[in-house]
Amino acid sequence: MKYVIAIIRPERLDSVTRELQKIEVNRLTVSPVSGYGAQKGYLEVYRAFEREVNLLEKIKLEIAVNDNFLAPTIEAIQKGAKTNEKGEIGDGKIFVLPIEDVIRISTGEVGSDAI
Amino acid sequence: MKYVIAIIRPERLDSVTRELQKIEVNRLTVSPVSGYGAQKGYLEVYRAFEREVNLLEKIKLEIAVNDNFLAPTIEAIQKGAKTNEKGEIGDGKIFVLPIEDVIRISTGEVGSDAI
Amino acid sequence: MKYVIAIIRPERLDSVTRELQKIEVNRLTVSPVSGYGAQKGYLEVYRAFEREVNLLEKIKLEIAVNDNFLAPTIEAIQKGAKTNEKGEIGDGKIFVLPIEDVIRISTGEVGSDAI
Amino acid sequence: MAIVFADTAWVLISSALVLFMLPGLALFYGGMVRRKNVLSSMMHSFVVMGIVAVLWVVVGYSLAFSHGNWFVGGLDHIFLQGIDYNSTTGTIPTYAFIAFQGMFAIITPALISGAVVGRIKFKSYIAFVIIWSLLVYAPVCHWVWGGGFLTGEALDFAGGTVVHITSGISALAILVFLGKRRGYGVDVIKPHNVTLTLLGAGLLWFGWFGFNAGSALAADKIAALAFMTTFVAPAAAGLTWMIVEWFGTGKPTALGFATGILAGLVAITPAAGFVTPMAAIAIGIVAGIVCYSAVMLKGKLGYDDSLDVFGVHGVGGTTGALLTGVFATVGATGLLSGNAHQLFLQFEGVVITMVYAVVCTLVIGFVLDKTLGLKVSVSEENIGLDQTQHGEKGYNF
Amino acid sequence: MAIVFADTAWVLISSALVLFMLPGLALFYGGMVRRKNVLSSMMHSFVVMGIVAVLWVVVGYSLAFSHGNWFVGGLDHIFLQGIDYNSTTGTIPTYAFIAFQGMFAIITPALISGAVVGRIKFKSYIAFVIIWSLLVYAPVCHWVWGGGFLTGEALDFAGGTVVHITSGISALAILVFLGKRRGYGVDVIKPHNVTLTLLGAGLLWFGWFGFNAGSALAADKIAALAFMTTFVAPAAAGLTWMIVEWFGTGKPTALGFATGILAGLVAITPAAGFVTPMAAIAIGIVAGIVCYSAVMLKGKLGYDDSLDVFGVHGVGGTTGALLTGVFATVGATGLLSGNAHQLFLQFEGVVITMVYAVVCTLVIGFVLDKTLGLKVSVSEENIGLDQTQHGEKGYNF
Amino acid sequence: MAIVFADTAWVLISSALVLFMLPGLALFYGGMVRRKNVLSSMMHSFVVMGIVAVLWVVVGYSLAFSHGNWFVGGLDHIFLQGIDYNSTTGTIPTYAFIAFQGMFAIITPALISGAVVGRIKFKSYIAFVIIWSLLVYAPVCHWVWGGGFLTGEALDFAGGTVVHITSGISALAILVFLGKRRGYGVDVIKPHNVTLTLLGAGLLWFGWFGFNAGSALAADKIAALAFMTTFVAPAAAGLTWMIVEWFGTGKPTALGFATGILAGLVAITPAAGFVTPMAAIAIGIVAGIVCYSAVMLKGKLGYDDSLDVFGVHGVGGTTGALLTGVFATVGATGLLSGNAHQLFLQFEGVVITMVYAVVCTLVIGFVLDKTLGLKVSVSEENIGLDQTQHGEKGYNF
Ligand SMILES: Nc1ncnc2c1ncn2[C@@H]1O[C@H](COP(=O)(O)OP(=O)(O)O)[C@@H](O)[C@H]1O
Ligand SMILES: Nc1ncnc2c1ncn2[C@@H]1O[C@H](COP(=O)(O)OP(=O)(O)O)[C@@H](O)[C@H]1O
Ligand SMILES: Nc1ncnc2c1ncn2[C@@H]1O[C@H](COP(=O)(O)OP(=O)(O)O)[C@@H](O)[C@H]1O
């Protein structure tokens, strides 16, 4: 089982979930984050202070998947998250972490059944 | 050491932390997230647009624990997070990830002492 | 590759990113969280109810790094996050998790190149 | 009769101020609920502006203010028949009077909503508002202000009885059918955004100057007096609440201060044009203590008047109504001026109104519960009313 | 001439109320955009308070209201020459009149901004507001209210034509150059904070009492009438929108109710002092249905009038202007009182204004697009206008 | 004496408008602090409504406005003795006058709070407000408006000296004891919610019409003039600030524009009823430049006047007071009308007030610091004042 963390553009959330639903990955957790990366930021001004900041708004997706679902999940995210065919800086990243166990609270199921 | 991620209902946060305190797990990190899962969502309407969405508000808990604390922690979360005895769809999930290292910033302690 | 999760004080965010930039770690993801820990909380009052709570506002940093960057990254966070030389309770924690894979969405790069 | 332009200007701006209390109430309540119920809670105030405004000109105004019997007005003015822009009431155009009174008819049922947030079906709420407005508000308004049997007996300058007691006690009665929110009493259900609540309190106070001082229906000395009392009573009540809370729990909360202000505003409402500013301060202090105690008591009694409508409006309104009978000195006399009878009249007005409002609300609640159903399902309550009743969320990324 | 103090008080407070609509509009629009564009969107309303206030006293007022020809006023009063604090207009000081009218000049271009959020360059927006105010607003205002060729012909009590039709149709025209936001039509671009939008609607309604009832320019019976119609029409429109939506999609949204209120406010604007309250309810109902349909249609036609400026102000303003010609009974007569000609005059006023505003807006848009450029780059749009145009973010930790 | 109803209506609504500035200020300041201090910051404005309202009727009004000596009023009217609802002041009921003046007494100390956010103990803040109101506000108010030695000398239409200079300079003085927030100068402490700040600016401007135009104490031509200048001066100042910032840093911020509006409002306050609209624009432009520079300078000097109370109110108030002596033409004459002496009188008023306010504030600060302690502990500051002083949080899940 893998824990997939994807950082994407807010405006791509809908298209990513659409792609995921096509492959029947319909469980995930979403949260708003701010990101800092290759994408150029902008001058930020606050009264007497100004500063170059790169903190841009992003969306973080967390999806626990069984191993056989990993590849299609990543593919679906990539497809949905790209701004356009060739991709643009700031489209985001996907991190794959190992999971040791999963428990579904309501039923008490554990392991890959619980995902 | 394990990194426990639990997605629970917002209204169960208090009872989960209560259960955790009983077993003296009193360090954790909380954040608001939105979730998507088995729990049925609702029709969402925005002017000319309407759509079935499943994004429901949830709370994410993150708890780093030493291995001997893992089982009781999971149990406590389960106990606190269940809507009722038999559990209901949407009560949430627990994911267990491996941790390689922990550092406590103020003291510089590392490893299981730092948890 | 490692996934570094750091929980810090909101007011230290700027100095942490400053330290990180010095060592050229300039990709990360930030989100607001609430934390619960050794740091004493305060009595919270709501109409007829009052309760000791420990939920304090914190910032969570997530940084995926290649292995050779791990040590300097941790050091930089520690340096930036400490309230003062000797450190104070509540300065936060750093958790290191293993990453199995990284994918950069725009280019399709994978592994340590994609970080 | 010729109108007085200054009075007209004053009543019109006062009417706008009172309507502005509805967004204020929406914020005050909306900030105190959970995120998942914020729009639902705000809509409870907003939709009433739609419903009751129309209802008022169609039939409500006639039931409350047209010539009728001791109990209720007639149907002479349904659809505002017999009134045109030339009609006058006192020194102002009748339209100004209807609008001003209409604002009161709007805010009263909206106040009740604070007790039922997070679990009432939206369609049942709408039905409740319509029936309650006709069955409770219109008659009680007629009793006290429209020529009914309490007119000229119980003193009620701007609606302590008509507005606050009716809504406060009805909020309690409807709970018989709605019960508690899930988790109430076990978990602390905390306000999701106190800044909204504070802002709401600010809008309410601002609007309340129209509510009370506008009730003079003229830009005269009584208006100035009512303005003054509406200025100092909530100030005193807010401070009192804060001090009591500070001693009680160790912390003076912003929410407590705002609630205290509200309690003071409620309590001064029936007295506003009858008492001196110093009496207003006394009323504010008493209201602060009494309402604080009522709200604390709720914690013990365990019913879920979610946003303390009874504790603030019911108890505060009663406090104010009785104290009006104690402190009245301007244009009427109370106990302290030797007129003990007035206190009795006040007491009578309170009791009759309470009994009537409770009985009606129980009947309405019972009928609606058996027909439309009052309470949403457990799963809808869990997910929140914004998504389940309105198909939307307060906040999106 | 001696002024009437009551009228002066009324027009002054009305002026303040109308200016207060700008923060209301900022909230109404700001809540509906994405987080990354909230300040940009709010600034579209705020900056106009700065720009047009100055522009108005420098030259706008003179172009609109000084003696000129059938098309536009003269330059007699640029820099308010020839006016001092002793000057009067009707029963009020001229300064009060200038301020009141200035507020209308401010809100009109700000309304347009709802169509262009999330993609217009800030500096181009400023240029647009300045040129449009002089080229479109000032002349049309002169036509209808300042002695121009529509004065005394088309009825427009408080600006259905001058304010809402001009802004609504211009919002549509400028889209020719701005196109859609990225992702529009594919992704649902949802409001980031509906509580702001609801509060904005509350401020707008509150302020609109000044807008409409203040347009009587006296605290008289017509003011009371206009107040009354501004009270019931939006109520009826909000309810209508809600009901239609409820049947159509199964859910009554808070956003829909708020939009319905706005549609009702827009539609009653030209009619406010000319029709009875019952006619106002009829106008509200029609506006609710017509504007709802217009907004729904947008979903099908696929242009990105982001916050439905055309659907609400263009369509609602037109509906109101025509229905004024149907329902007018006070101080004028409409179709139902046997004066079919008035409906024709209304129609004429609408068409001429629309054609003029569209042509001018297209020209302004074309010139600005070729010079300053109207639209931000793709990457700026992605990041959001708050950071790229203003160097700040709405929310920080 | 008979009252004028129109004047009464105008002063009452103006009083409500000024009180409404307090929620405005709470939002303006509250949006600029960090999330963890938002309620604390808002409470600084709210609690003053409670404290000073009561204090004002108990003793403040008497000290400021009753017959006394050159320095301070007497105790004739403590507890409003000798005044009842029949008393008149000019053409309005004395109660209306007391309420109106009370609003000024409230907002003045609340303004100071912007300098001390995030680190002052709540109980010390309360003590400070009480003592400062009696020791600084009441006397200075008496000097300028209540018959004291500056009455009839320095021109101060609506409180440039009494309100803004006293608060602005005191904000600076109190910093001697409070020092900087932790991390100030190293980290950029950014506003947590600029939408609140913008909305606050909107409320402030709206309320300021009551503040300035209400200061005419009649619905007359001077009120209309003051309204007009309060309309255009902030517009000009906001634009000026925006342009200067745009050239200076490359970005026109929403926060900058809002701050510019505020600077313009402050600067026009002493001049509002004495200058023409065109002079008001000039004053606005100068205020925009001068206040912007003062705020920028702070960045260099390194003191932590957190929300720029001195930069905006102190500097803006001084600018306005002096320019009143330059531009006055209505009911008084200034430098440009050949009366250089007035400028000297203005200067004198400013200097005396500044010196007096600084000395008193230093003494009060010193005493409080030694007794209650002014500043919270490091750990309390880290956690935030909402939790440590008030036991609550602005936002919950
Ligand atoms: N190494 C990293 N660790 C944590 N977050 C990262 C990392 N790299 C990128 N991110 C996240 O992904 C977002 C997009 O990355 P960015 O470098 O801007 O563009 P690209 O997607 O083209 O690589 C960033 O804003 C940040 O939130
Ligand atoms: N595979 C998963 N990956 C990520 N998050 C998940 C996953 N499954 C569930 N969740 C989270 O847990 C929440 C509850 O899950 P859900 O499937 O609705 O009900 P249940 O708890 O009964 O399984 C979801 O809203 C989502 O946030
Ligand atoms: N074991 C843990 N699991 C998850 N989060 C933790 C854990 N320990 C600490 N934290 C997070 O780190 C923050 C700071 O920790 P705390 O114990 O208060 O002080 P210190 O940093 O001195 O250990 C907490 O508020 C919490 O968010």
Side-chain angles (χ1 to χ4, degrees), chain A residues 6-22 26 28-61 76-93, chain E residues 30-43 46-47 117-123 178-196 299 302 304 306-307 375-397:
Chain A
I7 313 291
I8 60 166
R9 296 182 191 279
E11 61 265 29
R12 307 309 295 169
L13 176 59
D14 281 334
S15 68
V16 169
T17 54
R18 233 179 287 125
E19 294 299 329
L20 286 169
Q21 265 163 339
K22 282 190 199 154
N26 37 31
L28 52 82
T29 300
V30 184
S31 50
V33 296
S34 296
Y36 208 86
Q39 193 181 359
K40 234 183 72 54
Y42 278 80
L43 186 75
E44 205 165 299
V45 186
Y46 172 55
R47 293 254 169 103
F49 310 96
E50 57 184 276
R51 224 168 41 122
E52 179 76 30
V53 273
N54 293 316
L55 269 186
L56 304 175
E57 299 201 357
K58 301 284 174 186
I59 291 284
K60 176 166 136 185
L61 300 180
I77 297 175
Q78 279 184 289
K79 212 168 146 194
K82 275 194 179 179
T83 302
N84 50 36
E85 279 310 294
K86 63 182 214 326
E88 277 185 33
I89 283 180
D91 281 351
K93 293 216 176 147
Chain E
M32 272 193 274
V33 301
R34 286 188 163 151
R35 287 169 65 95
K36 65 181 179 183
N37 291 322
V38 60
L39 296 184
S40 153
S41 167
M42 292 183 76
M43 266 300 264
F46 270 82
V47 79
V117 292
R119 56 207 193 283
I120 198 169
K121 284 186 190 173
F122 186 59
K123 67 176 173 208
L178 274 170
K180 306 179 192 180
R181 286 167 295 172
R182 286 172 58 75
Y184 177 80
V186 185
D187 307 331
V188 177
I189 301 181
K190 282 184 284 190
H192 89 287
N193 189 337
V194 182
T195 70
L196 295 186
D304 182 14
S306 314
L307 310 178
K375 199 169 180 176
V376 299
S377 72
V378 169
S379 117
E380 287 173 320
E381 189 182 338
N382 273 340
I383 291 169
L385 301 196
D386 290 4
Q387 274 190 285
T388 61
Q389 304 298 298
H390 303 285
E392 56 191 337
K393 288 167 68 178
Y395 310 95
N396 293 291
F397 301 139

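Every heavy atom of this structure was used, including side-chain atoms; hydrogens, water molecules and symmetry mates were not. Quick note on labels: first sequence line is chain A, next is B, and so on, each numbered from 1.
- Between the CG atom of E:Asn382 and the CD atom of A:Glu57 there is a distance of 12.5 Å, given to the nearest 0.5 Å.
- In A:Lys79, the NZ atom is not crowded: 12 or fewer heavy atoms of neighbouring residues, nucleotides or ligands sit closer than 6.0 Å.
- By number of non-hydrogen pairs under 4.5 angstrom with chain A, the leading residue of E:Lys36, E:Glu380, E:Arg35 is E:Arg35.
- Annotation: maximal heavy-atom pairing with chain A below 4.5 Å, among E:Val378, E:Thr388, E:Ile189, occurs at E:Thr388.
- E:Arg182 and A:Glu11 are not joined by a salt bridge, as no carboxylate oxygen comes within less than 4.0 angstrom of a charged side-chain nitrogen.
- Residues E:Lys393 and A:Ser34 are in side-chain contact: their nearest non-hydrogen atoms beyond the backbone lie under 4.5 Å apart.
- Annotation for A:Leu55 and E:Gln387: closest pair O-NE2, 3.5 Å, computed over non-hydrogen atoms.
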